[in-house]
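Scroll down for the structure; my scribbles are underneath it.
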Amino acid sequence: MIQEIQIYNTLTRQKEVFEPLVPGKLGMYVCGPTVYGPPHLGHARSAITFDLIFRFLKAIGYKVRYVRNITDVGHLVADADEGEDKIAKQAKLDELEPMEVVQKYTNLFHHSMELLNVAPPSIEPRASGHIVEQIEEVKKILKSGYAYESNGSVYFDVEKFAAENEYGKLSGRKIEDLISNTRTLDGQSEKRSGLDFALWKKAQPEHIMHWPSPWSEGFPGWHLECTAMSCKYLGETFDIHGGGMDLTFPHHEAEMAQSKASHGKDAVHYWMHNNMITLNGQKMGKSLGNAISLEEFFSGNHPLLEKAYSPMTIRFFMLQAHYRSTLDFSNEALQASEKGLERLMKALAKIDSLPVSDSSSVKIEELAQNCFSAMADDMNSPIAMSYLFEGVKIINSVSDGNTNITPSDRDALKQLFHTLVVDIFGLKAESQAEAGNTEVLTEVVDLLMKLRLEAKANKDWATSDKIRKELTAIGFDIKDTKDGASWELKK
RNA sequence: GGUCGGUUGGCCGAGUGGCUAGGCAGCGGUCUGCAAAACCGUGUACGGCGGUUCGAAUCCGCCACUGACCUCCA
């Protein structure tokens with residue numbers, strides 16, 4: 001059942017035949033969201049990319065343990081000069097407890113993921129719930145000699161590590177370049193080198209979230225949680241580590257170094273990175289202030305959006321591009337996806353009622369093979385999708401009586417569509433009305449009110465009263481004023 | 001400045017030496033009371049300039065434009 005697949009490994013910069021550490025089983029760790037703000041399209045891309053990978057690996061027979069963390073501690077505010085905890089900063093603005101902020105955005109994230117039909121990971125650990133494990137990692141790294149304590153904080157000694165190990169390989173950086181890049185701005189910092197990164201940071205008074213440790217009351221370094229949690233749930237070595245491309249440096253580079261320093265060996269076999277979403281050719285990101293939240297997409301409530309886009313439209317839109325390519329957002333592209341998705345789902349719904357014949361004039365097996373081969377080639381969902389649309393053409397053609405298929409081919413077609421569209425792509429039927437529910441409802445009622453107005457103008461009181469009576473019965477409140485009629489839904 | 005990537009038809013987006021990607025839009029047709037849907041047909045796209053080759057969107061070089069990362073930014 002398990003077929004050979006190729007995966008692009010960021011570490012080697014090429015596609016490699018995937019070989020699991022344990023036959024038939026697979027461990028995958030993906031960097032999840034930092035829950036200090038509403039989830040946006042970028043979060044969706046990463047989540048959908050690895051959801052696709054998770055679903056595909058399961059579909060071809062792997063037993064997968066998928067770990068995706070929630071980062072709820074230790075990240076800095078982009079525009080804060082003093083290294084204030086990102087979550088603490090937001091908490092002050094909202095006048096909420098830090099954990100309240102974390103909970104709020106975690107819930108929002110989960111809600112959006114559910115709407116996008118992103119399957120929950122096997123384990124979703126929180127950084128704040130693994131402080132003990134992180135402290136243990138710091139101890140191990142100190143013991144191995146690749147870290148030093150300075151003024152209550154603990155830093156990773158990058159230059160010492162790089163002298164004996166590869167550092168910069170994942171992100172294609174040379175240690176000498178990095179040194180020359182940072183040397184200039186280094187002064188009287190508590191770090192020995194500008195390259196060094198914190199493993200444990202002593203909390204300043206403005207930090208609300210802090211924990212006791214052997215070194216100080218503080219919080220864990222920004223890269224440590226992934227090392228600690230991946231090790232805890234997947235072991236010292238595991239198959240796949242994923243995340244957004246923007247995390248390769250320094251985050252994943254630091255993780256690699258930490259793991260090696262702590263456990264004496266490389267933790268990750270395959271590094272996978274999804275590319276960014278762009279908006280007018282520029283990266284969409286929280287720090288740039290151009291991120292459109294998922295909620296805004298679903299409601300259409302954003303100046304850049306011409307209309308609301310359903311979660312499935314967003315999902316389909318992403319699947320139409322390869323995960324390693326940038327994907328440029330536009331209303332036009334999204335609307336094209338909306339229509340394409342509709343066509344695909346309509347065809348899917350039609351399969352059961354397709355007429356059958358004694359012979360087939362199409363090759364379903366070949367089509368299925370093509371779809372799976374495309375997915376096996378580094379998750380090439382756009383290619384798989386293009387074959388699926390060949391299937392759509394077949395379905396419609398059979399439905400119109402222009403093409404014949406046998407009962408067994410119809411079954412094969414049904415199985416293909418269910419496996420690929422429903423199980424792997426994670427697309428599900430959703431009515432148009434659901435997407436822009438209120439918007440559509442408003443237009444419909446406005447239309448009825450207009451008809452009623454016309455009836456009144458013609459003194460067709462029977463019709464006008466009927467419309468008002470029926471609408472009232474449904475639950476609407478209709479009021480005629482001298483400025484015209486108004487309505488509202490009483491529910 | 002350093003490192004790595006991208007530039008494909010109206011839009012999005014695959015494709016890495018010869019063989020139609022696909023979706024959306026457009027155009028023509030079939031069907032239809034009209035429309036929609038569906039089906040059939042239709043598009044001589046590969047940033048520029050050179051080079052390699054029998055043959056290049058695909059390989060090489062140069063140039064242009066553009067993006068990401070490089071900052072105690074995740």
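Side-chain atoms are counted along with the backbone in the values below, which use heavy atoms only and exclude waters and symmetry mates. A note on names: the letters A, B, ... follow the listed sequences, proteins ahead of strands, and every chain is numbered from 1.
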Check this for me: A:Q103, atom CD, are more than 12 non-hydrogen atoms of other residues, nucleotides or ligands nearer than 6.0 Å? yes

From the candidates B:rC24, B:rC72, B:rA38, the one with an atom nearest any side-chain atom of A:Y155 is B:rC72

Anything below 3.5 Å on both distances counts as a pair; with that, list the stems of at least three consecutive Watson-Crick or G-U pairs involving RNA chain B. B:1-7 with B:64-70, B:10-12 with B:22-24, B:26-30 with B:38-42, B:47-51 with B:59-63

Which part of the nucleic acid, if any, lies within contact of A:S325, taking any heavy atom under 4.0 Å across all strands shown: a base, the sugar-phosphate backbone alone, or nothing? sugar-phosphate

To the nearest angstrom, how far is A:F316 atom CZ from B:rC24 atom P? 8 Å

Centroid-centroid distance, A:Y155 to A:F197, less than 6.0 Å: no

To the nearest Å, give me how far apart CG (A:D377) and C1' (B:rU16) are. 12 Å

Does the side chain of A:T71 come under 3.5 Å of the side chain of A:E225 through a donor N or O and an acceptor N or O? yes

In whole angstrom, give the distance that lies between atom CE of A:M318 and atom C1' of B:rC12. 14 Å

Measure up the A:F297 and A:Y309 rings against each other and bin them: parallel (under 30°), tilted (30 to 60°), perpendicular (over 60°). tilted

How is A:T326 classified with respect to the nucleic acid when contacts are heavy atoms under 4.0 Å: base, sugar-phosphate, or nothing? sugar-phosphate

NA contact type, A:D196, heavy-atom cut-off 4.0 Å: base, sugar-phosphate, or nothing? nothing

The ring pair (Phe, Tyr, Trp, His ring centres under 6.0 Å) partners of A:F50 (sequence neighbours excluded) come to none

To the nearest angstrom, how far is A:Y387 atom OH from B:rU20 atom C1'? 11 Å

Under 4.0 Å between any heavy atoms, over every strand shown, what does A:L344 touch: base, sugar-phosphate, or nothing? Just pick one. nothing

Identified ring pair (Phe, Tyr, Trp, His ring centres under 6.0 Å) counterpart of A:H273 within the set A:H252, A:H241, A:H251: A:H252

Atom pair distance, as rounded to whole Å: CG in A:D378 and P in B:rU16: 12 Å

Heavy-atom nearest nucleotide on RNA chain B for A:A321 versus A:K346: which residue maps closer to 5'? A:A321

Let me know the distance between CG of A:D246 and P of B:rC4, rounded to the nearest Å. 19 Å

In whole angstroms, how far is the C1' atom of B:rC24 from the OH atom of A:Y309? 12 Å

So, OP1 or OP2 of B:rC24: does either fall under 4.0 Å of a side-chain N or O from A:R343? yes

Does a nitrogen or oxygen in the side chain of A:K174 sit under 4.0 Å from OP1 or OP2 of B:rG2? no

Across all chains, not counting sequence neighbours, the side chain to side chain contact (heavy atoms under 4.5 Å, CB included) partners of A:E253 are A:Y167, A:L170, A:S171, A:F249, A:M256

Side-chain N or O of A:N402 less than 4.0 angstrom from OP1 or OP2 on B:rC39? no

So A:F389, base contact, sugar-phosphate only, or nothing? Heavy-atom distance under 4.0 Å. sugar-phosphate

When you get a sec, tell me which of B:rA14, B:rG23, B:rC12 is the closest nucleotide to the side chain of A:A333? B:rC12

Which residue, A:T278 or A:A198, contacts RNA chain B at a nucleotide closer to its 5' end, judged by nearest heavy atom? A:T278

With a 6.0 Å cut-off on the ring centroids, do A:Y105 and A:Y36 count as close? no

With the side chain of A:A336 defined as its heavy atoms from C-beta on, choose the nearest nucleotide among B:rA14, B:rG23, B:rA25. B:rG23

What nucleic acid atoms does A:K393 come within less than 4.0 Å of, heavy atoms only: base, sugar-phosphate, or nothing? sugar-phosphate

Measure from the side-chain heavy atoms of A:R173 and tell me the nearest of B:rC12, B:rC69, B:rA21. B:rC69

Need one value for A:N275: base, sugar-phosphate or nothing, where a base atom within 4.0 Å counts as base even if backbone is also close, heavy atoms only. nothing

Just compare B:rA21, B:rA68, B:rC72 and give me whichever is closest to any side-chain atom of A:W222. B:rC72

